Each structure stands twice: as structure tokens, then as C-alpha cells.
Amino acid sequence: KGNDFIFFYRLSDNAATKIMTRSLGFGFEGQLDKAHKLSLFFSADGNNWPDRFDRSNHFRIGYEWNMSANRFLNLSADIKSHDAPNVPDEVMATIDFRLRF
């Protein structure tokens, strides 16, 4: 109870940038205790650009803390590596604090 294993296929077709991304991956979301949750995801992506094709690996780690019934803190990091030339790898960290009122 409180632990989920996830297998997913995702398709994103952006008409504005003309980039279509297909992702196949798996993940785990686990409840550490009543207030803390950890998530880990990996996907292998295929990115169709207008002028080239690129493969990438996407790692995501997330931590969620339910501080109280009305306050939540989420920390996450995404790392995406590309194999196409002249496409830089992507690293993104996010801090999200939510307050219900």
C-alpha cells in the first residue's frame, strides 16, 4: 500500500515547434511515511525534429512533503541527455510550495 510501479507510453506532438516526442518508460512512486513521498522515473525518448531525429534518456527524481493539511512542498530534478549533435543536454530543478486557503 502506498507504493506504485508505473509503465507508460507518452506521445507529444507540438504543432508550433513541429517536434514530436515519443516516450516509453517506467517509474516508481513510494510513500516513505504519512507525510513524505519519493518518485523515480526513467524513459527512453525519440524526438522527431523538422530536420533531424534524436534519441534521449530522461531521468526524473521527485520528493513531496505534506507539511500539514494545507501546505505542500515538492522538490524535483529532471535530467535529459541527447545523442544528436548540437543539441545540449537538459537539466531542470523545481521547487514548488503550495498553500491551500
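Keep in mind the model is a prediction, meaning the values are calculated, not measured. Heavy atoms only: backbone and side chains are in, while hydrogens, waters and symmetry mates are out.
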Below 4.5 Å, heavy atoms only, C-beta onward: do [X] and [Y] meet side chain to side chain?
| X | Y | result |
| --- | --- | --- |
| H82 | N47 | yes |
| L38 | E29 | no |
| R22 | N48 | yes |
| D45 | K80 | yes |
| W65 | R71 | no |
| D54 | W49 | yes |
| I61 | F41 | no |
| H58 | I79 | no |

Look only at the side chain of D33 and the backbone of A35, and say whether a donor-acceptor pair between them is shorter than 3.5 Å.
yes
For A44, is there any backbone N or O sitting under 3.5 Å from a side-chain donor or acceptor partner on N57?
no
Quick check: closest heavy atoms across [X] and [Y], and the distance to 0.1 Å?
| X | Y | answer |
| --- | --- | --- |
| M67 | L73 | SD-CB, 4.0 Å |
| Q31 | H36 | NE2-O, 3.5 Å |
| P50 | I19 | CD-CG1, 4.5 Å |
| V87 | R52 | CG2-NH2, 3.3 Å |

Rounded to the nearest 0.5 Å, what separation is found between the [atom1] atom of [X] and the [atom2] atom of [Y]?
| X | Y | atom1 | atom2 | result |
| --- | --- | --- | --- | --- |
| L40 | F26 | CG | CZ | 10.0 Å |
| E64 | N74 | CD | CG | 4.5 Å |
| R60 | S76 | CZ | OG | 4.0 Å |

Is the shortest side-chain N to carboxylate O distance from D96 to R98 below 4.0 Å?
yes
Please tell me whether F7 and L11 are part of a single hydrophobic cluster in this structure, the criterion being side-chain heavy atoms less than 4.5 Å apart.
yes
Single-linkage hydrophobic cluster, 4.5 Å side-chain cutoff, Y63 and M92 together
no
Apply the ring-ring contact (aromatic ring centres under 6.0 Å, His included) test between F42 and each candidate in F28, F59, F8; give the one that qualifies.
F59
Residues S81 and D89: side-chain donor-acceptor under 3.5 angstrom:
no
So for atom CG, which belongs to D51, do other residues, nucleotides or ligands contribute more than 12 heavy atoms lying within a distance under 6.0 Å?
yes
